[in-house]
Amino acid sequence: MSGTYRIAVLPGDGIGTEVVPEGVKALQAVGARFGHTFEFEEMLAGWAAIDAYGTPIRDEDLDKCKRSHAVLFGANGDPRRDEINVAERPERALLRIRKELQLFANLRPVRVTPDLVPVSPLRAELVDGVDLLVVRELTGGIYFGQPSRRWEENGQRRAVDTLVYSEEEVRRVVRVACELARARRGHLTSVDKANVLSSSRLWREITTEVATEYPDVTLEHQLVDAMAMHLIREPKRFDVIVTENMFGDILTDEAAQLTGSIGLLPSASLGPEADEHGHRLGFYEPIHGSAPDIAGKGIANPTAAILSAAMLLRSSLGLEEEASTVERAVALALAERRATSDVVRDGTAISTSQMGDVVAASIGDVAA
Ligand code: IPM
Ligand code: MN
C-alpha cells in the first residue's frame, strides 16, 4: 500500500550535511520504486542553528519534528569550537529532541558481514558473524538527572551530576529489548554496575522482573567493566544488550569498532508505542559524529545515514519490504567494493555522493 509520509530532515553539522542527503536519496528511490510519497522538511540543528538563530534548535522546529512521522538526523558538534562560550552547547539540540520526543529506546545494531571482516581491527575469527543489538536507555540517567551543576565551596570548584532512574523508565526500555530479543535469537544481556550503584541495583531488579514476562528470552546480567572486556574477547556471544544511558554511550562506541568503521552503523531512537496506523515517532541517525577532520571533502561514508533511513522505514513507517530493499542495496555496494575510502583502501574508493548514487540506483534492481 502506498502512503504519504512527512520526514523532518536535520543534517546538523560537519559531515552530517554530506551524508544525510544520501539517506534522502535512498528514500526518494524507495518512493519511486514502491509508490510512496515522502515530504521532506529540512531544518537546522547544532552549530548550524546557533549560527543562524542563536539557539541549537528552535522551538518551532522541535514542534515540526513532533508532528512528523520520523526524523532523519546527521550529527551535532565541532570540537574546534569547544572553547567558544555559548549559552547552550550544540549537543543540546540532540538532547532536547530526545527528551521532548520521549525517545527512550535507542537501538544500535552492530553486524559484521563477510565483506567487512578485513576492515575490522580485530582478528577475523573473532568478528566474522557478529550480529548484536544494543538497546541504550536514552532519556534518563546521568544525562538528565538533577542536580547537575557546579559551584564553589571553600575555594574549591565542585560539580555534581545525578544518575537517577524510576522503575517505569527501566521497565519500558527493558520491554523493548525483550521484544527485540524475542524476534532475534532470544538472548538478552543487561549491563549495570550493581556491585557499586544503587541505581544499577534497581535496574537489575526491574530487568529480572520484566524478563519473567518473556519466558522465551534468556536473561544474563553483566557488570559494565566486564562487559567492556567481553565485547572485544567474544562479541559473537551477544544478541541483544540493554543498558542505561551512559554505559550505552560508551559501549556502543566500543561495539562500533568491531566493524572497523564507525561510518557504517545506523541507529534508531524510538518513543512510545505505535499509533493505530503503525506509526511510531522515531529519530534516526548515524552513530558517528560530525567528523570535522574530514568534513567538506566528500569522503565520508554515507552507509550509516542510508541504513538509518532503512531503520526509519521499518520502525516508524512499518515498511519492512522497503527497509530490507535498502539494506540489500547497501550490502551489494559494499560487496562490489563501490564504497568510500574508509572501507575500500586500494585507491579505487568513490565519493560520498557517488556511493549514495550507487545505492539509490540499485534500489529498483534489488527490490523483490
Ligand atoms: C551519541 C553522542 C551523544 C551522546 C552526544 C553528542 C551528546 O555521543 O549519540 O552517542 O552522548 O549521547
Ligand atoms: Mn556517543
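The first residue in the sequence is number 1, and the count goes up from there. Counting starts at 1 for both ligands and their atoms, following the listed order.
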*Cationic N near anionic O, under 4.0 Å, E41 to K64*: yes

*For ligand 1, which atoms have a heavy atom of R98 less than 4.0 angstrom away?*
1 (C), 4 (C), 9 (O), 12 (O)

*Provide, to 0.1 Å, the distance between atom 6 (C) of ligand 1 and the closest protein heavy atom, together with that atom's residue and name.*
E91 CG, 3.8 Å

*Could you tell me whether R314 and E322 have a side-chain N and a carboxylate O separated by less than 4.0 Å?*
no

*Pull out every atom of ligand 1 sitting under 4.0 Å from any heavy atom of Y143, numbered as shown with elements.*
4 (C), 11 (O), 12 (O)

*Parallel, tilted or perpendicular, as decided by the 30° and 60° cut-offs, for the rings of H36 and Y5*: perpendicular

_CA sep, side-chain torsions, deciding dist, call: E209, R204, salt bridge (charged side-chain N to carboxylate O under 4.0 Å, His left out)_ = CA-CA 9 Å; E209 282 169 23; R204 193 174 280 219; over 6 Å; no

*Numbering as shown, the atoms of ligand 1 that approach D249 to under 4.0 Å (heavy-atom distance)*: 1 (C), 4 (C), 8 (O), 10 (O), 11 (O)

*Closer than 2.8 Å to the Mn ion (ligand 2) - protein N, O or S atoms, ordered by chain and residue number*: D249 OD1

*Should L180 and L281 be regarded as members of a common hydrophobic cluster, given that ILVMFWY residues are connected when their side-chain heavy atoms come within less than 4.5 Å of each other, either directly or indirectly?*
no

*Can you find an N or O of R108 that's nearer than 3.5 Å to an N or O of ligand 1?*
yes

_If hydrophobic clusters are built by linking Ile, Leu, Val, Met, Phe, Trp and Tyr wherever their side-chain heavy atoms come under 4.5 Å apart, do L44 and I97 end up in the same one?_
no

_Looking at D128 and K236, is any side-chain nitrogen of the basic one under 4.0 Å from a carboxylate oxygen of the acidic one?_
no

*Check ion pair E285-R98 (N to O, under 4.0 angstrom)*: yes

*Has ligand 1 got any nitrogen or oxygen that is less than 3.5 angstrom from a nitrogen or oxygen of E285?*
no

*asked:* Do the side chains of D59 and R96 get close enough for a salt bridge, i.e. N-O under 4.0 angstrom?
replied: yes

*Any non-hydrogen atom of R136 lying under 4.0 Å from ligand 1?*
yes

